[in-house]
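In this text the structure is predicted, and so the values were computed from the model without any measurement.
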Amino acid sequence: MFSDLIVAYLFFGGAGAGTLFLVSVFDAFAKSHVLAGRDGLFCAANSRDSIRRAKAFCLLVGEGLVAFGVVCLVFDLGRIDRLALLFFAPSASFITLGTFSLVALLASGALLCFAAFFDGFSWIRRVIRPLEVVGAFSALLVMVYTGALLVSVGSAIELWNSWWIPALFLCSSISCGCAVVLVVTVFVGESSFVRPFARKALLVDMGAIACEVLFMALFVVDSIGGKDGSWWQLCMSLFADGGVFVSWWVGFVLCGLVVPLICEVVVSRFSSLRFEGSLACVFMGFLILLGGWCLRWSTVEAAQWQDMQLAYPHEDAHANTFALDSDSIGMADYGAFRD
């Protein structure tokens, strides 16, 4: 039902929104408002300047990921005029809310990137905090929308008819955002200065992964139970199909949840390991991103094997029974063409 371009949008849009959300929240509630400071981006190599550089490049990467996800979404639509209709003829739907949230996130993210790299204008520092609030709220809506998009067609695909999916995708997007922060800080900042910033990301990621485990369990139980009792048909592709099984249990559960959570628990107990800023931290970040991709691919791919459940009104059940007696061209004794 959904192509790989939609899977790419769900992943890149969620990871980028998670990155922008984390950086905006970290900077807005930090004791020292780094992005609105008076020091330039590439000044002296001190702690403030290193953290500022790390946050600036995290914003840039997050903005790029969201933009790439939007490009994938546009290519999947195939026609630009369909996208324009969402602005000129909006309706009360998840798609309209997600579209306007994406536009607000791209706009606020672009302005935050400009403010982070070009601090020569005094007016930029005055609008940083409002931009961070707008960016964080828009990112939160986009992260939830990546899961609500599947729920919006849940009446046809039974596996997606679960509100645990938006919660699971929200936590996964935050975890992927933490992974992006961990990877970027290794390459653009001095480890001794950016270690406190990276440690905050590790602590947030630990909580996000714990919530992922909880929502994953609730989603699995919800799927196994089934809305109509036919639990085996619902969970067959998610747990029995070879490709989906490997992607879900090895890619998502093992690489995206178990291994990173064990590493973060160990690091939190032994702070002398100097894990932040190391190549091991980069490897763990890539594992989290791999798990985020596998989660979305397996969730979408598992539904491809399920029959679409077409719901008929109760009052049309009698007419549907008569339709079984129709001839090869649809002419029935009971119907519009009986005369």
Side-chain angles (χ1 to χ4, degrees), residues 1-11 13-14 17 69 72-73 76-77 86 91-99 101-102 140-176 208 211-245 247-249 251-253 256-257 291-317 320:
M1 184 176 181
F2 282 165
S3 66
D4 290 338
L5 288 173
I6 292 296
V7 178
Y9 159 71
L10 295 176
F11 172 71
C72 294
L73 184 61
D76 182 76
L77 289 175
L86 295 175
S91 60
S93 63
F94 286 118
I95 296 179
T96 302
L97 177 62
T99 302
S101 300
L102 281 170
L140 186 63
L141 291 179
V142 169
M143 289 186 290
V144 174
Y145 169 68
T146 56
L149 179 63
L150 302 184
V151 179
S152 63
V153 294
S155 58
I157 303 296
E158 191 74 15
L159 182 66
W160 294 346
N161 193 16
S162 173
W163 282 102
W164 299 119
I165 293 180
L168 181 59
F169 277 31
L170 170 64
C171 297
S172 176
S173 298
I174 294 177
S175 180
C176 290
C211 293
E212 275 189 88
V213 173
L214 174 62
F215 293 133
M216 180 201 68
L218 293 173
F219 170 64
V220 170
V221 170
D222 193 27
S223 300
I224 289 178
K227 308 301 182 298
D228 57 356
S230 56
W231 61 271
W232 179 249
Q233 289 81 1
L234 290 177
C235 65
M236 172 67 74
S237 58
L238 193 59
F239 304 105
D241 180 75
V244 177
F245 179 87
S247 177
W248 179 271
W249 292 106
F252 170 51
V253 177
L257 298 180
W293 172 270
C294 291
L295 165 65
R296 288 153 180 82
W297 183 87
S298 57
T299 305
V300 172
E301 188 67 18
Q304 312 293 344
W305 299 87
Q306 297 184 21
D307 294 332
M308 296 181 66
Q309 307 294 325
L310 299 180
Y312 295 97
H314 179 71
E315 58 271 14
D316 290 342
N320 294 332

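- Looking at residues two or more places apart in sequence or on another chain, you find a side chain to side chain contact (heavy atoms under 4.5 Å, CB included) between Ala167 and Phe215.
- When all heavy atoms of Trp160 and Thr299 are compared, the closest pair comes out as NE1-O, 3.0 Å.
- Closest heavy-atom contact between Ile174 and Ala208: CG2-CB, 4.1 Å.
- Ser247 contributes a side-chain N or O that, together with a main-chain N or O of Cys294, makes up a donor-acceptor pair within less than 3.5 Å.
- Put simply, the side chain of Trp163 never gets that close to the backbone of Val151: no donor and acceptor are under 3.5 Å apart.
- Across all non-hydrogen atoms, the minimal contact from Ala17 to Val142 is CB-CG1, 3.9 Å.
- Looking at residues two or more places apart in sequence or on another chain, you find a side chain to side chain contact (heavy atoms under 4.5 Å, CB included) between Ser173 and Met143, Thr146, Arg296.
- With sequence neighbours excluded, the residues forming a side chain to side chain contact (heavy atoms under 4.5 Å, CB included) with Val144 are Pro166, Leu170, listed by chain and number.
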Worked verdict on Phe11 versus Leu295 for side-chain contact (heavy atoms from CB on, under 4.5 Å):
CA-CA 9 Å; Phe11 172 71; Leu295 165 65; over 6 Å; no
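- Between Ser162 atom OG and Leu218 atom CG the span is 8.5 Å, to the nearest 0.5 Å.
- Nearest heavy atoms, Met216 versus Leu168: N-CD1, 4.0 Å.
- Across every non-hydrogen atom of Cys171 and Cys211, the tightest pair is SG-CB, 3.5 Å.
- For the pair Leu149/Leu10, a side-chain contact is recorded, criterion being any heavy-atom separation below 4.5 Å from C-beta on.
- A 6.0 Å sphere centred on CH2 of Trp164 holds no more than 12 heavy atoms belonging to other residues, nucleotides or ligands.
- Not counting sequence neighbours, the partners of Phe252 by the ring-ring contact (aromatic ring centres under 6.0 Å, His included) test are Trp248.
- Counting heavy atoms from C-beta on, the side chains of Ile6 and Leu73 come closer than 4.5 Å.
- Residues satisfying the ring-ring contact (aromatic ring centres under 6.0 Å, His included) criterion with Phe169, sequence neighbours excluded, are absent altogether.
- You'll find the side chain of Val7 reaches within 4.5 Å of the side chain of Trp293, heavy atoms only.
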